[in-house]
Enquirer: 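Quick one: the structure is below, questions incoming.
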Amino acid sequence: MRSWLAAMALACAVGMALPEGANAQNAQVQQEHATFRAVDFDWIDTSRGREVPARLYWPTEASPGRVPLIIFSHGMGGSRNGYTYLAARWAAHGIASLHVQHIGSDSSLWRGNPFELVGRLQAATRDDEAAARVGDIRFALDQMLLFATGPYARFIDMRRIAVAGHSYGANTALLTVGARVVRDGRWLDFRDRRFKAAIVISAPPFYGEKDLPSVLANIAVPTLHVTATQDVIKIPGFYSAARDRVAIFEAIANRRKLLVMFQGGSHSIFTDRALTGGPGLNPKVKESTGDLTLAFLDYAFAGDSKALAQWSFDWQDILAQPTMANTIPISGATAQSDRQGHIRVTSAEKGRATTSEQQKNYPLLAAGARQATAEIDGPASALRR
């Protein structure tokens with residue numbers, strides 16, 4: 001069966017923290033921190049005969065109907081234990097996150113005969129596994145919203161549910177919010193309309209798909225795309241350069257989108273690994289990515305772009321500079337500027353496109369980053385509830 005989703009993401013380190021009264025038969029409290037608690041679930045989706053392990057990070061202060069929820073999908077070879085820096089950051093700001101482990105493309109890939117590793121990786125990218133990952137996300141959200149089986153449903157704000165993922169998980173997130181493919185002459189659409197935004201970190205190409213705009217045409221929610229200039233996937237048979245992340249961003253027709261590219265880094269700098277991409281840059285990228293996701297959710301859920309503007313200013317020193325060497329302009333922070341998908345927004349154009357009041361939120365940045373542009377402000381009213 002044709003492979004069309006793949007990426008490399010080793011999820012390392014142990015996760016951390018959720019609410020009182022969790023069902024002891026379904027979850028086990030792992031650790032407790034000042035701002036959040038973690039609970040592991042070992043669910044089984046009986047309709048598919050598939051295990052769906054997950055780890056929930058729950059803020060210690062939660063009010064009914066007020067807790068945003070992010071469902072997170074790991075990259076190739078990852079697990080529910082990874083991406084703890086994001087989970088902790090979100091929980092500290094009152095956002096719950098559920099990190100789903102995808103059996104078949106999880107950390108079990110690294111066990112076994114090393115000479116058979118390439119075959120295991122290739123099997124993990126088959127169509128059926130890609131579809132199963134999306135099914136895991138849907139099932140996990142179903143479980144969180146069941147009032148009869150746990151104490152969480154009444155706290156979750158149904159208007160503020162997002163999906164996020166790194167590498168293979170980024171493709172899973174895109175499928176969850178509307179990406180689709182043609183198989184046997186018909187479109188396969190996995191969209192779950194309960195998700196109102198998507199955080200897409202280091203998305204690989206949809207391997208084998210020649211019409212990327214059609215694949216991504218149905219995505220209608222705000223999307224954040226995060227990458228780095230050295231974000232390169234090196235899995236045998238699935239090599240992918242950083243420009244492929246930009247191509248995903250470019251192909252999405254929905255104008256409520258934001259692309260951020262860090263200078264340097266690596267594909268796995270967005271995991272919990274501490275040294276990849278450089279010991280100096282690594283913690284900065286993690287901190288800034290956490291801040292960025294929070295700012296993006298302010299925009300996606302409330303139409304408020306002020307935090308994005310401040311983020312662009314605060315982190316300009318580690319954002320990539322636009323360069324003529326790229327056929328597609330790569331910038332630190334840029335937003336869609338026209339319906340054809342071209343990113344051609346300069347500081348001068350930004351000034352012409354926004355009102356004087358909006359310009360106050362976007363101070364002129366150094367060459368290290370391009371400003372978050374008018375498109376961040378333009379559609380904001382459509383997102384206000």
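What you see below is based on every heavy atom in this structure, not just the backbone, and it leaves out hydrogens, waters and symmetry mates. The chain is numbered in sequence order, starting from 1.
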Enquirer: Indicate yes or no: at least one non-hydrogen side-chain atom of Asp211 is less than 4.5 angstrom from one of Val215.
Expert: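 With C-beta onward as the side chain, the pair stays apart.
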Enquirer: Would the distance check show the side chain of Gln143 and the main-chain N or O of Ala140 forming a donor-acceptor pair, the cut-off being under 3.5 Å?
Expert: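 Checking the backbone N and O of Ala140 against the side chain of Gln143, no donor-acceptor pair under 3.5 Å is found.
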Enquirer: How would you list, by chain and number, every residue that makes a side chain to side chain donor-acceptor pair (under 3.5 Å) with Asp106, sequence neighbours excluded?
Expert: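 For Asp106, the residues satisfying side chain to side chain donor-acceptor pair (under 3.5 Å) (neighbours in sequence not counted) are Gln101, Ser108.
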Enquirer: I want to check something: taking the side chain as every heavy atom from C-beta on, are Phe41 and Leu56 in contact at a cut-off of under 4.5 Å?
Expert: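 Contact flag for Phe41/Leu56 side chains = yes.
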Enquirer: With rounding to the nearest 0.5 Å, note down the distance linking CG in Leu292 to CG in Leu297.
Expert: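 Answer rounded to 0.5 Å: 9.5 Å.
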Enquirer: With rounding to the nearest 0.5 Å, note down the distance linking CZ in Phe296 to NZ in Lys257.
Expert: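 That separation rounds to 12.0 Å.
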Enquirer: Who are the side chain to side chain donor-acceptor pair (under 3.5 Å) partners of Arg66, not counting sequence neighbours?
Expert: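 Partners of Arg66 by the side chain to side chain donor-acceptor pair (under 3.5 Å) criterion come out as none, since no residue qualifies.
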Enquirer: Run the ring-ring contact (aromatic ring centres under 6.0 Å, His included) check on Trp90 and Tyr57 step by step: do they pass?
Expert: CA-CA 9 Å; Trp90 293 334; Tyr57 297 79; 9.0 Å; no
Enquirer: So, using side chain to side chain donor-acceptor pair (under 3.5 Å) as the criterion, who are the partners of Arg120 when residues are at least two apart?
Expert: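 Arg120 satisfies side chain to side chain donor-acceptor pair (under 3.5 Å) with no residue once adjacent residues are dropped.
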Enquirer: Report yes or no: does Asp42 contribute a side-chain atom to a donor-acceptor pair with the main-chain N or O of Pro53 at less than 3.5 Å?
Expert: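 Here the side-chain-to-backbone pair does not exist.
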Enquirer: Mark yes or no for whether Thr125, through its side chain, and Gln122, through its backbone, hold a donor-acceptor pair below 3.5 Å.
Expert: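 Yes, the answer is positive, given that a donor and an acceptor are paired below the 3.5 Å cut-off.
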Enquirer: Is any side-chain heavy atom of Ser266 closer than 4.5 Å to a side-chain heavy atom of Ile269?
Expert: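 SC-SC contact between Ser266 and Ile269 confirmed.
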Enquirer: I need the Leu258 CG to Ser312 OG distance, nearest 0.5 Å.
Expert: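 Separation between the atoms: 7.0 Å.
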Enquirer: What I'd like to find out is whether the side chain of Phe249 reaches to under 4.5 Å of the side chain of Val226, using heavy atoms alone.
Expert: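 In short, these two side chains do not touch, never coming nearer than 4.5 Å.
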Enquirer: Do Met158 and Leu145 come within less than 4.5 Å of each other through their side chains, counting heavy atoms only?
Expert: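 With C-beta onward as the side chain, the pair touches.
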Enquirer: Would the distance check show the side chain of Arg160 and the main-chain N or O of Ile95 forming a donor-acceptor pair, the cut-off being under 3.5 Å?
Expert: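 Here the side-chain-to-backbone pair does not exist.
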Enquirer: Can you tell me if Trp311 uses its side chain to pair, donor with acceptor, with the backbone of Asp291 under 3.5 Å?
Expert: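 No, because the side chain of Trp311 does not come within donor-acceptor range (under 3.5 Å) of the backbone of Asp291.
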Enquirer: Do Tyr168 and Trp110 belong to the same hydrophobic cluster, where Ile, Leu, Val, Met, Phe, Trp and Tyr are linked whenever their side-chain heavy atoms lie under 4.5 Å apart, directly or via other members?
Expert: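 Linked within one cluster.
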Enquirer: If you define the side chain from C-beta out and look only at heavy atoms, does anything of Ile318 sit under 4.5 Å from Gln263?
Expert: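 The answer is no, as the side chains (C-beta and beyond) never meet within the 4.5 Å cut-off.
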Enquirer: Which residues pass the salt bridge (charged side-chain N to carboxylate O under 4.0 Å, His left out) test with Asp142, not counting sequence neighbours?
Expert: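 Checked Asp142 against salt bridge (charged side-chain N to carboxylate O under 4.0 Å, His left out); matches are Arg194.
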Enquirer: In sequence, state the C-alpha distance, the side-chain angles, and the governing distance for Ser214 and Trp187, and then conclude on side chain to side chain contact (heavy atoms under 4.5 Å, CB included).
Expert: CA-CA 10 Å; Ser214 293; Trp187 285 105; 3.8 Å; yes
Enquirer: Indicate the atoms forming the closest heavy-atom contact of Ala179 with Ile219, along with that distance.
Expert: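 Answer, listing the atom of Ala179 first, then Ile219: N-CG1, 3.8 Å.
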Enquirer: As an exercise, state the distance from CG of Leu109 to OG of Ser79, rounded to the nearest 0.5 Å.
Expert: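 Interatomic distance, Leu109 CG to Ser79 OG, rounded to 0.5 Å: 11.5 Å.
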Enquirer: His166 side chain to Ser202 main-chain N or O, any donor-acceptor pair under 3.5 Å?
Expert: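 Absent.
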Enquirer: When rounded to the nearest 0.5 angstrom, what distance separates CD in Gln230 from CZ in Phe262?
Expert: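 Interatomic distance, Gln230 CD to Phe262 CZ, rounded to 0.5 Å: 14.5 Å.
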Enquirer: Roughly how far, to the nearest 0.5 Å, is the CG atom of Asp272 from the CG atom of Asn81?
Expert: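 Spacing of CG (Asn81) from CG (Asp272) equals 9.5 Å.
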Enquirer: Do Asp45 side-chain atoms and Asp136 backbone N/O form a donor-acceptor pair below 3.5 Å?
Expert: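 Checking the backbone N and O of Asp136 against the side chain of Asp45, no donor-acceptor pair under 3.5 Å is found.
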Enquirer: Would you call Met261 and Thr227 a side-chain contact if the rule is heavy atoms closer than 4.5 Å?
Expert: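 Touching, per the 4.5 Å side-chain cut-off.
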Enquirer: Using a strict cut-off of less than 4.0 Å between a Lys/Arg side-chain nitrogen and an Asp/Glu carboxylate oxygen, indicate whether Glu209 and Arg183 qualify as a salt bridge.
Expert: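 Looking at Glu209 and Arg183, the cut-off is met.
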Enquirer: Would you say the side chain of Phe206 lies within less than 4.5 Å of the side chain of Ile248, judging by non-hydrogen atoms?
Expert: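 Ile248 vs Phe206: side chains touch.
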Enquirer: Under a 3.5 Å distance rule, please check whether Tyr83 uses its side chain to pair with a backbone N or O of Phe72 as donor and acceptor.
Expert: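 No; judged by distance alone, with no hydrogens or angles, the pair does not exist.
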Enquirer: Check whether any side-chain N or O of Lys286 sits under 3.5 Å from a backbone N or O of Thr271 as a donor-acceptor pair, and report yes or no.
Expert: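 Yes: the side chain of Lys286 pairs with the backbone of Thr271.
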Enquirer: Answer yes or no: is there a donor N or O on one side and an acceptor on the other, between the side chain of Tyr85 and the main chain of Gly290, under 3.5 Å?
Expert: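 No, Tyr85 side chain to Gly290 backbone: no donor-acceptor pair under 3.5 Å.
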Enquirer: Please enumerate all residues that pass salt bridge (charged side-chain N to carboxylate O under 4.0 Å, His left out) together with Arg245, with sequence neighbours excluded.
Expert: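 With neighbours one apart ignored, the set is Asp231.
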Enquirer: Check side chain to side chain donor-acceptor pair (under 3.5 Å) between His99 and all other residues, then give those that pass, not counting sequence neighbours.
Expert: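 His99: side chain to side chain donor-acceptor pair (under 3.5 Å) contacts with Ser97.
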